[in-house]
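Okay, so here's the structure we're looking at.
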Amino acid sequence: MQRVKFPVLSVALYVLAGLIALYTIWAATYSFRYVSDMVAAEQLVISGNEFEIASFHMRNFAQYAVFAVILFALGRILQVRLPATVDGEYQASSYMEILDEEADAEVDEDTAADAAEAETTDLAQNVAE
């Protein structure tokens with residue numbers, strides 16, 4: 001069975017994204033509870049204060065949700081772009097890498113054909129002399 005190893009930086013970004021997502025949920029719960037308590041105590045009237053309430057939520061937890069999404073996306077990008085290893089051997093992680101490997105093989109074949117042609121030309125010149 002082959003075991004695929006993920007890039008360490010990608011895993012670290014996933015862990016950070018998860019921790020920030022947990023903090024976001026905790027902060028959102030606190031933020032909504034605080035606004036609800038203020039409305040229940042009649043210290044805050046929602047009508048006419050929608051912008052202030054939305055701004056309060058944005059300051060308290062929304063930016064962390066954006067950070068978690070960005071960190072998760074960066075981790076995914078690194079996981080896709082960096083070659084993964086399977087039991088110590090690198091595997092092609094994209095279609096472009098496969099095409100590059102095929103192009104390198106064609107260049108090697110062309111080089112071998114050119115060398116054979118040059119050798120034939122040299123032999124023909126030596127025979128003519």
Side-chain angles (χ1 to χ4, degrees):
M1 184 164 100
Q2 294 180 345
R3 182 176 172 184
V4 177
K5 297 178 183 176
F6 295 104
V8 175
L9 186 57
S10 181
V11 172
L13 288 172
Y14 287 148
V15 169
L16 284 175
L19 290 174
I20 291 175
L22 289 174
Y23 177 76
T24 301
I25 293 168
W26 183 43
T29 303
Y30 174 79
S31 181
F32 283 114
R33 188 177 310 135
Y34 180 75
V35 170
S36 296
D37 290 345
M38 294 292 283
V39 170
E42 296 181 1
Q43 294 177 348
L44 176 66
V45 178
I46 294 179
S47 179
N49 292 320
E50 292 88 359
F51 179 78
E52 286 80 11
I53 294 170
S55 177
F56 175 75
H57 291 308
M58 293 294 284
R59 280 192 319 262
N60 283 324
F61 71 88
Q63 62 187 346
Y64 297 109
V66 172
F67 295 154
V69 169
I70 289 171
L71 287 175
F72 181 81
L74 286 174
R76 180 70 180 145
I77 289 169
L78 284 175
Q79 182 180 351
V80 170
R81 296 299 297 162
L82 292 178
T85 59
V86 177
D87 294 332
E89 294 181 14
Y90 286 102
Q91 299 293 318
S93 65
S94 70
Y95 182 69
M96 292 305 294
E97 287 182 22
I98 294 170
L99 290 179
D100 288 342
E101 289 173 4
E102 290 175 359
D104 290 342
E106 288 175 7
V107 168
D108 291 341
E109 290 172 5
D110 291 341
T111 304
D114 290 343
E117 182 181 331
E119 186 177 320
T120 305
T121 306
D122 289 342
L123 286 174
Q125 287 177 354
N126 288 338
V127 170
E129 294 176 352

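Summarising the geometry, atom CZ belonging to R76 is positioned 13.5 Å from atom CG belonging to L13; distances are rounded to the nearest 0.5 Å. If you take OG on S36 and CD1 on I46, they are separated by 7.5 Å, rounding to the nearest 0.5 Å. Here L74 contributes atom CG and R81 contributes atom CZ; the two are 14.0 Å apart, rounded to the nearest 0.5 Å.
Open room surrounds CD on E42; 12 or fewer heavy atoms of other groups in view lie less than 6.0 Å from it.
F61 and L44 fall into different hydrophobic clusters, where Ile, Leu, Val, Met, Phe, Trp and Tyr side chains are chained together by heavy-atom contacts under 4.5 Å. Residues V66 and I20 are members of one and the same hydrophobic cluster, defined by side-chain heavy-atom contacts under 4.5 angstrom among Ile, Leu, Val, Met, Phe, Trp and Tyr. At a threshold of 4.5 Å between side-chain heavy atoms, the hydrophobic network of Ile, Leu, Val, Met, Phe, Trp and Tyr places L71 and W26 in one connected group. Criterion: ILVMFWY side-chain heavy atoms under 4.5 Å apart, direct or through other members. Under it, I77 and L9 are not part of a common hydrophobic cluster. No continuous path of hydrophobic side-chain contacts links Y23 to M58 [ILVMFWY only; heavy atoms under 4.5 Å].
Think of F72 as one node in a network of Ile, Leu, Val, Met, Phe, Trp and Tyr side chains linked at under 4.5 Å; its network also takes in Y14.
Here the shortest heavy-atom pairing between S10 and G75 reads OG-O, 2.7 Å. Nearest heavy atom pair, residue A21 against residue A68, reads N-CB, 4.0 Å. The heavy-atom pair separating S31 from H57 by the smallest distance is OG-ND1, 2.6 Å.
Below 30°, between 30° and 60°, or above 60°: for Y30 and Y34 the angle between ring planes is below 30°, a parallel geometry.
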